[in-house]
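Working notes, beginning with the structure itself.
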Amino acid sequence: MTEDFKLKYLKSMKIINRIAYALMLSLVLLSRGAELVSSNTATVYYCISLVVFLLCDEALFRNTLRRFPTLVLQLRTYIFIIVLLIGSCFTCLPVVFNIALICLIFFLLIQDIIFGDVFNSFYNYIKYIGIGVVSGIILSFIQCRGEVKGAWLLLYVIVIAILGFVMYVFYDSFYKAITVLDDRYTRLYFRNADVIAENKKLLKFQERVEKVNSEINYQKINLTKANDDLAKINDETRSLIEVMKYFAASFDVEKNVHVMLENVVKIKQTGAAAIYLEKDIYMNDDPYLEVISENSVAETLLKQDIRNIYDAVRRRASTNPLVLCDNYDFKYPFLTGGNLCNAVAFPAYENDNIYGVMVITSSKYDFFENGYAFYESSLMDFTSALISDRLYLQTEDMAKKDGLTKIYNRIYFNKFYPELKEEVMASGDVFTVCMLDIDHFKRVNDTYGHLAGDEVIKAVARIDAEFAKKYDGTAVRYGGEEFLLILRGKGVEETYKILCDAHEAIKNTVVEYEDFRITINSSMGIACYPETCDNINDVLDKSDKAMYYSKEHGRGRITIDGREGET
């Protein structure tokens with residue numbers, strides 16, 4: 001009998017065994033409850049035996065029969081039958097109970113036949129007939145040995161013979177059925193042998209066809225991927241060319257940064273992109289930071305940590321990209337808490353001197369699997385443009401600013417001042433011009449020398465520039481020791497308070513030159529359009545006259561146009 005049949009039968013046999021044991025156990029309890037069985041010992045014996053049978057079968061047939069040899073299964077059958085027969089010796093059992101025991105014994109024998117695999121031996125005939133006869137003797141003759149005598153004993157012999165004959169007929173029928181099925185199986189097996197062989201040939205041919213198709217599909221996939229990669233490279237190259245064209249036509253470094261970041265985000269679909277530039281890189285007084293992000297959390301993290309990232313890049317002293325996070329594996333304590341999957345810092349450098357950093361982040365897995373070439377190329381193009389922009393800005397700065405004080409000079413003032421007046425007239429803003437002059441500056445030059453005088457001029461210009469930056473104004477060196485502070489959008493009273501602070505700052509400044517400590521004072525004049533004069537073209541001239549009024553009336557004071565008599 002095939003292993004597959006046994007395994008299929010085993011699944012059903014587990015359930016059938018449970019039902020058989022449960023029915024038998026119920027019969028035992030019902031027989032005792034109906035007082036058909038008077039012995040408590042027999043009742044307990046059969047209850048325990050049936051429960052043990054069930055547990056043994058559950059353990060024996062838990063997985064498959066391969067774990068247990070046929071001998072173990074035969075021993076299990078014989079032991080169960082012996083236990084059942086021993087129980088009948090305790091007391092006289094009712095007829096229905098004896099019949100149930102015979103059925104259960106036959107059921108166990110059927111299982112033994114099914115799993116025995118040997119049907120044509122004389123030993124098996126004798127074995128199963130013998131078991132049937134012994135069972136009949138114990139369950140029939142021994143149970144009724146005291147009630148029947150004489151010729152009636154022949155009746156039990158006939159019953160026992162019938163049981164043996166029934167066992168013989170059942171076994172022989174089962175054997176013949178198995179033989180017929182085996183013959184059919186053999187014929188089918190050999191009939192299908194050729195079909196199986198042909199199928200194997202077809203399968204081999206199919207495998208070769210599938211292998212060829214797989215290779216073709218693999219080549220198609222590689223070709224498609226190569227085409228996609230080539231298309232991406234072309235898009236990246238075209239975008240870099242467009243950005244370089246923009247760089248070539250623009251000298252605004254901050255706009256160039258924005259265009260570069262926008263291109264990176266657009267082409268690479270990054271989660272966030274940021275760049276940080278150190279101060280004094282492109283005539284900038286403060287560090288510059290720009291962030292483009294798809295969510296506010298990443299933007300906040302970049303603004304918070306990018307300075308520390310820049311410091312880490314500089315300490316490393318390498319121009320290679322710095323991996324901050326690789327597929328959720330954070331290498332540094334930066335940008336944590338923003339659900340970022342990947343983050344890389346790209347140093348911005350010029351002649352191996354790192355001046356900034358670009359940070360690219362993404363929430364996509366394996367985002368940088370194609371490398372860093374595009375990001376590094378973008379930064380290199382930006383650096384090249386930055387060098388040109390810096391030269392242009394330095395040249396422009398030299399033309400606009402005074403060489404000594406580094407604030408706007410008179411030449412640039414004459415250029416932007418008319419444009420500024422037109423903007424003020426168009427917008428309707430308040431416009432104030434403050435002119436100041438260093439008191440007794442000639443005495444400084446005569447007493448301490450012109451180099452000391454230069455230091456005094458630089459000190460006053462520095463204060464002028466500080467207040468211009470603080471209040472969004474413009475500082476100009478108008479003459480030798482004359483300076484302008486131009487404030488847009490601030491009236492006379494507000495400007496006067498600002499000038500009081502500036503005047504006090506100048507007055508408290510001590511210029512140390514060699515062994516000398518030089519104190520400074522200044523005279524100031526204020527004119528405002530439209531508060532002190534109706535014509536905007538007169539503002540500069542009237543602030544000059546107000547300043548001269550301060551110089552002629554004791555110096556070290558501030559005079560407002562039209563209010564010269566006030567102290």
Side-chain angles (χ1 to χ4, degrees), residues 225 228-244 246-247 253-278 287-316 318-349 354-383 385-386:
K225 187 176 184 300
D228 291 342
D229 292 342
L230 183 60
K232 289 180 181 179
I233 292 173
N234 288 335
D235 291 342
E236 292 175 3
T237 303
R238 282 196 297 270
S239 71
L240 290 174
I241 292 173
E242 293 299 320
V243 171
M244 289 176 66
Y246 184 87
F247 288 168
V253 176
E254 295 179 2
K255 285 186 178 179
N256 290 348
V257 169
H258 183 76
V259 169
M260 179 186 67
L261 287 184
E262 278 193 333
N263 184 64
V264 169
V265 172
K266 176 183 176 182
I267 296 297
K268 289 296 189 177
Q269 299 296 310
T270 66
I275 192 165
Y276 174 87
L277 302 179
E278 189 57 278
Y288 177 73
L289 170 64
E290 178 158 353
V291 180
I292 298 178
S293 175
E294 62 182 10
N295 65 77
S296 59
V297 176
E299 181 177 355
T300 301
L301 289 173
L302 283 168
K303 289 180 178 179
Q304 170 185 305
D305 292 342
I306 198 164
R307 174 67 200 194
N308 295 329
I309 295 173
Y310 170 71
D311 292 338
V313 169
R314 284 186 60 87
R315 285 194 302 269
R316 194 180 58 144
S318 173
T319 57
N320 294 324
L322 177 64
V323 178
L324 303 175
C325 179
D326 181 17
N327 292 334
Y328 295 109
D329 180 16
F330 284 88
K331 312 295 184 181
Y332 294 86
F334 307 131
L335 308 180
T336 57
N339 194 30
L340 298 179
C341 182
N342 287 279
V344 176
F346 298 90
Y349 60 92
I354 298 173
Y355 65 84
V357 65
M358 180 173 70
V359 179
I360 305 297
T361 71
S362 176
S363 58
K364 300 175 183 177
Y365 207 78
D366 289 335
F367 181 74
F368 294 101
E369 63 178 349
N370 292 327
Y372 308 130
F374 177 76
Y375 309 101
E376 293 178 302
S377 297
S378 297
L379 272 179
M380 290 175 64
D381 293 341
F382 173 77
T383 300
L386 178 65

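Computed over heavy atoms, backbone and side chain alike; hydrogens, waters and symmetry mates excluded.
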task = Side-chain contact test, heavy atoms from C-beta onward, threshold under 4.5 Å: evaluate it for Val359 versus Ile306 and give yes or no.
result = yes
Check your understanding: Quick check: does any side chain N or O of Asn295 sit under 3.5 Å from a backbone N or O of Ala298, one acting as donor and the other as acceptor?
Key -> yes
Handout entry: Ring centers of Tyr372, Phe346 separated by less than 6.0 Å
Key = yes
Taking the side chain as everything from C-beta on, heavy atoms only, tell me whether Thr237 gets closer than 4.5 Å to Ile241. yes
For the side chain of Asn342 and the backbone of Ser362, is there at least one donor-acceptor N/O pair under 3.5 Å apart? no
Q | side-chain contact (heavy atoms from CB on, under 4.5 Å) between Ile309 and Leu324, worked out | A | CA-CA 9 Å; Ile309 295 173; Leu324 303 175; 3.8 Å; yes
Between Ser293 and Glu299, the two heavy atoms sitting closest are OG-N, 3.7 Å
Would you check if Met358 and Leu261 make a side-chain contact, meaning some heavy-atom pair closer than 4.5 Å?
-> yes
Residues at least two apart in sequence or cross-chain that pass side-chain hydrogen bond (donor to acceptor under 3.5 Å, both in side chains) with Glu294, listed by chain then number, are none
Output for pair (Met244 CE, Asn256 CG), nearest 0.5 Å, gives 12.0 Å
> Do we see a donor-acceptor contact under 3.5 Å between the side chains of Glu262 and His258?
Replying inline: yes
Between Asp329 and Lys331 (salt bridge meaning N to carboxylate O under 4.0 Å), is one present in this structure? yes
Quiz item: Is the backbone N or O of Leu335 less than 3.5 Å from a side-chain atom of Asp305, with the two atoms forming a donor-acceptor pair by type?
Solution: yes
For this session: Salt-bridge test for Arg307 and Asp311: reply yes if a basic N is under 4.0 Å from a carboxylate O, no otherwise.
Result: yes
| field | Pairwise side-chain contact, Met260 with Leu379, heavy-atom cut-off 4.5 Å (strictly under) | value | yes
* Asked: Salt bridge check: are Glu290 and Lys255 linked by an N-O gap of less than 4.0 Å?
  -> no
dist Leu340:CG -> Leu301:CG (nearest 0.5 Å) comes out at 6.5 Å
Nearest heavy-atom contact between Phe330 and Thr336 is CD2-CG2, 3.7 Å
Q. Do the non-hydrogen side-chain atoms of Tyr288 and Glu278 ever get within less than 4.5 Å of each other?
A. no
Rounded to the nearest 0.5 Å, the OG atom of Ser296 sits from the NZ atom of Lys303 at a distance of 10.0 Å
Shortest non-hydrogen pair, Ala345 vs Val313, comes out as CB-CG2, 4.2 Å
Could you check if a side-chain atom of Ile360 sits within less than 4.5 angstrom of a side-chain atom of Phe374, using non-hydrogen atoms only?
no
#### Entry: Note, Leu240 side chain near Ile267 side chain (heavy atom, < 4.5 Å)
no
d(Asp381 CG, Asn263 CG) to nearest 0.5 Å is 10.0 Å
CZ of Phe368 to CG of Asn327, rounded to nearest 0.5 Å, is 10.5 Å
All heavy atoms of Val291 vs all of Ala274, minimum pair found to be CG2-CB, 3.7 Å
To the nearest 0.5 Å, atom CD of Gln304 lies from atom CZ of Phe334 at 11.0 Å
Here the pair of heavy atoms bringing Thr270 nearest to Ala273 is OG1-CB, 4.2 Å
Review point. Where do Tyr355 and Thr383 land on the side-chain contact (heavy atoms from CB on, under 4.5 Å) test, with the steps shown first?
Key: CA-CA 10 Å; Tyr355 65 84; Thr383 300; 2.7 Å; yes
Sorted by chain and number, sequence neighbours left out, side-chain hydrogen bond (donor to acceptor under 3.5 Å, both in side chains) with Glu376 holds for none
>> With a 4.5 Å cut-off on side-chain heavy atoms, are Phe247 and Phe382 touching?
In response: yes
